[in-house]
Amino acid sequence: MKEFKHFINGEFAASASERTFENRCPVDNSLIGMVHEAGQAEVNAAVAAAQAALDGPWGKMSQAERIKLLDRVAARINERFDEFLKAECLDTGKPEKIASHIDIPRGAANFKAFSETLANHPTEAFKLDTPDGKSALNYGHRTPKGVIAVVSPWNLPLLLMTWKVGPALACGNTVVVKPSEETPATATLLGEVMNECGVPAGVYNVVHGFGPESAGAYLTEHKDVDAITFTGETRTGEIIMRAASVGLRNISLECGGKNPSLVFADCDMDKAIEGTMRSAFVNCGQVCLGTERVYVERPIFDAFVNRLKHGVESLKLGRPEDPEVDFGPLVSLEHRDKVVSYYKLAAEEGANVVIGGGIPDMGPELNDGAWIEPTIWTGLPDDARVVNEEIFGPCCHIRPFDTEEEAIALANDTRYGLSATIWTENSARASRVAEQMEVGLVWVNSWFLRDLRTAFGGAKESGIGREGGIHSLEFYTETKNICIKL
Ligand code: NAD
Ligand code: 6OD
């Protein structure tokens with residue numbers, strides 16, 4: 001049986017308390033291994049190691065040397081691709097077909113993209129005329145923020161963790177990562193890679209555990225953590241924001257969503273169906289950018305609902321390693337309880353269940369896993385909880401609309417503001433509608449098409465701040481103005 005230890009100062013370490021918890025595979029609920037739970041002592045040690053690396057070898061290294069090391073990390077993840085893939089799929093149950101295209105390649109790419117941004121992005125410079133008839137030169141100078149706490153979720157574990165660790169390290173910071181308790185494996189494996197690549201001890205640290213009264217809280221409340229970057233639920237984001245207020249530490253929050261998709265009658269239906277199949281059901285609906293509310297212009301409503309239903313019928317559920325499989329289980333039995341409670345609520349709120357709505361019979365080998373049926377509803381009122389609360393499962397509600405104005409109002413009628421997707425072949429309409437969406441990200445005729453140079457983040461209760469490209473540099477560095485009187 002596997003044992004997942006913390007990674008502190010370049011070494012794998014057990015918890016002094018010897019407290020551990022189970023890591024189970026959601027495919028069949030089998031035990032993968034035991035995870036050490038960090039107490040205050042382990043978190044203190046990890047933060048101290050990160051601080052020492054900052055004051056020592058990492059802080060003294062040139063930007064070019066750091067970038068070379070991070071390029072090596074990216075290459076090494078790709079060399080150990082299959083190990084990362086197996087570990088990620090065991091922890092999450094997601095199909096290898098998906099993780100080999102999304103999670104692991106992006107996990108590696110995150111270590112390269114930001115080095116290039118850093119190397120190529122200048123800071124500002126202004127020459128100022130001074131009252132004595134001479135002048136002064138102002139220029140911006142970036143320094144690392146310091147020790148960064150990275151608190152990450154379970155849905156895209158390696159991708160979302162390295163999305164923060166990559167730019168943080170490129171900018172010269174050190175990190176202490178608290179991966180989700182559901183998915184400890186790839187963050188731990190990355191510790192081995194850091195050592196193999198010669199990244200100095202203390203630059204990358206991992207502490208395992210839960211949120212409240214555990215590693216997550218101890219880390220985010222730690223006074224020597226200089227900034228916190230978090231991905232997860234909005235309610236957790238609020239708690240972390242309170243923790244960050246002590247000492248006025250910087251935060252970046254990437255939180256939940258209840259994302260709309262607007263399908264206009266002038267769309268290319270094939271593209272809209274293919275895109276909505278992915279945005280609603282890929283990764284078993286556990287993507288923060290995923291679509292849970294679909295608004296379809298009335299003339300094509302019935303045809304759209306029918307074709308999406310056929311798409312769902314063709315999804316193949318099964319084990320991650322089966323190359324034909326495109327749909328795995330939810331991440332855990334606990335999360336399935338939550339999603340099932342929404343399936344029941346949808347029925348109580350008067351939904352018409354187009355397809356799904358329950359737990360599939362996967363046979364004796366898999367029935368203990370966290371399996372769930374992909375589900376489509378129609379007919380719910382706009383104030384139904386199912387239409388307003390983030391479910392984070394493979395389900396969507398489809399509702400007809402009659403005018404562009406109505407579609408925009410419906411899409412924006414939410415406290416969330418992460419992403420929106422628009423399906424239309426009319427480019428004037430596309431930009432007009434996109435500009436009115438109250439979100440951080442809009443995709444037109446596509447979904448989850450990512451360019452790491454662009455701004456990523458949410459509006460309203462979906463988050464605070466932007467990361468990606470220059471925005472990551474802004475968050476992970478302190479810009480100092482240096483004024484030289486000439
Ligand atoms: P979560 O908020 O429950 O947990 C996220 C992380 O925070 C975990 O590591 C957890 O242990 C830790 N945590 C929990 N309570 C804490 C506390 N009090 N103090 C410190 N740390 C704490 O989220 P989840 O269930 O892991 O992930 C699903 C959620 O994440 C969904 O709401 C989804 O929309 C959101 N999400 C958002 C994005 C985005 O980019 N906006 C991306 C992925 C997931
Ligand atoms: O692609 C990314 O950079 C990113 N942060 C994706 C988030 C997906 C949410 O589940």
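As the structure lists them, so they are numbered: ligands from 1, and atoms in each ligand from 1.
For ligand 1, the atoms sitting less than 4.0 Å from at least one non-hydrogen atom of Cys288 are 34 (O), 36 (N), 37 (C), 38 (C), 39 (C), 40 (O), 41 (N), 42 (C), 43 (C), 44 (C), numbered in the order shown with element in parentheses. Taking every heavy atom of Val287 and a limit of under 4.0 angstrom, the matching atoms of ligand 2 come to 10 (O). Taking a cut-off of under 4.0 Å to the non-hydrogen atoms of Asn155, the atoms of ligand 2 that pass are 9 (C), 10 (O). Interface atoms of ligand 2 facing Arg450, defined by a heavy-atom separation under 4.0 Å, are 1 (O), 2 (C), 3 (O). Residue Leu160 approaches ligand 2 through these ligand atoms, each under 4.0 Å from one of its heavy atoms: 4 (C), 5 (N), 6 (C), 7 (C). Each of the following atoms of ligand 1 lies closer than 4.0 Å to a heavy atom of Ile239: 18 (N). Atoms of ligand 1 found under 4.0 Å from any heavy atom of Pro179 (numbered from 1 in listed order, with element): 9 (O). Close approach to Phe230 involves these atoms of ligand 1, each under 4.0 Å from a residue heavy atom: 2 (O), 5 (C), 6 (C), 7 (O). Under a 4.0 Å criterion applied to the non-hydrogen atoms of Phe456, ligand 1 contributes the atoms 40 (O). The Glu254 neighbourhood of ligand 1 comprises atoms 37 (C), 38 (C), 39 (C), 40 (O), 41 (N), with distances under 4.0 Å to a heavy atom of that residue. Counting atoms of ligand 1 from 1 in the listed order, those under 4.0 Å from a heavy atom of Leu418 are 41 (N). Listed by number with element, the atoms of ligand 1 under 4.0 angstrom from any heavy atom of Lys178 are 8 (C), 9 (O), 10 (C), 11 (O).
Taking 4.5 Å as the limit, some side-chain heavy atom of Met194 sits within range of a side-chain heavy atom of Leu169. In this structure, Thr421 and Leu289 have side chains that are not in contact, with every pair of non-hydrogen atoms separated by 4.5 Å or more. Counting only heavy atoms from C-beta outward, the side chains of Thr234 and Tyr416 approach each other to under 4.5 Å.
When hydrogens are left out, the protein atom nearest atom 9 (C) of ligand 2 is Cys288 SG, 2.3 Å; that is the closest non-hydrogen contact. Counting only heavy atoms of the protein, atom 24 (P) of ligand 1 lies nearest to Trp154 NE1, 3.3 Å.
Residue contacts with ligand 1 for Leu219 are absent, since no atom lies close enough (heavy atoms, distance under 4.0 Å). With a 4.0 Å cut-off on non-hydrogen atoms, Cys255 touches ligand 1 through its backbone and not its side chain. Contact annotation for Arg106 and ligand 2: only side-chain heavy atoms (C-beta onward) come within less than 4.0 Å of the ligand. Looking at Leu156 against ligand 2, only its side chain comes within 4.0 Å, counting heavy atoms.
In summary, the side chains of Glu37 and Ser17 do not present any donor paired with an acceptor at a separation below 3.5 Å, with no hydrogens or angles considered. For the 3.5 Å distance criterion, the side chains of Asn388 and Asp383 fail to qualify, holding no donor opposite an acceptor. Side-chain N/O atoms of Thr188 and His208 include a donor and acceptor closer than 3.5 Å. Counting only N and O atoms by type, the side chains of Thr414 and Lys258 include no donor and acceptor under 3.5 Å apart. A side-chain donor from one of Trp423 and Ser261 sits under 3.5 Å from a side-chain acceptor of the other.
Using a 4.0 Å heavy-atom cutoff, Ser180 is listed among the residues neighbouring ligand 1. Residue contact check for ligand 1: Gly458 places no non-hydrogen atom closer than 4.0 Å to it. Every heavy atom of Ser214 sits 4.0 Å or more from the atoms of ligand 1.
For atom 4 (O) of ligand 1, no protein heavy-atom neighbour is found at a distance under 4.0 Å.
Considering Thr186, Asn23, Thr183 as possible partners of Asp91, the one that fulfils the side-chain hydrogen bond (donor to acceptor under 3.5 Å, both in side chains) test is Asn23. A side chain to side chain contact (heavy atoms under 4.5 Å, CB included) with Ser419 is found for exactly one of Asn259, Val442, Thr291, namely Asn259.
Note: His335 and Phe392 have perpendicular aromatic rings, judged against thresholds of 30 and 60 degrees for the angle between ring planes.
For Trp377 and Tyr342, the ring centers sit 6.0 Å or farther from each other.
The ring pair (Phe, Tyr, Trp, His ring centres under 6.0 Å) contacts involving residues 20-48 comprise Phe21-Phe210, where partners must be two or more places apart or lie in separate chains.
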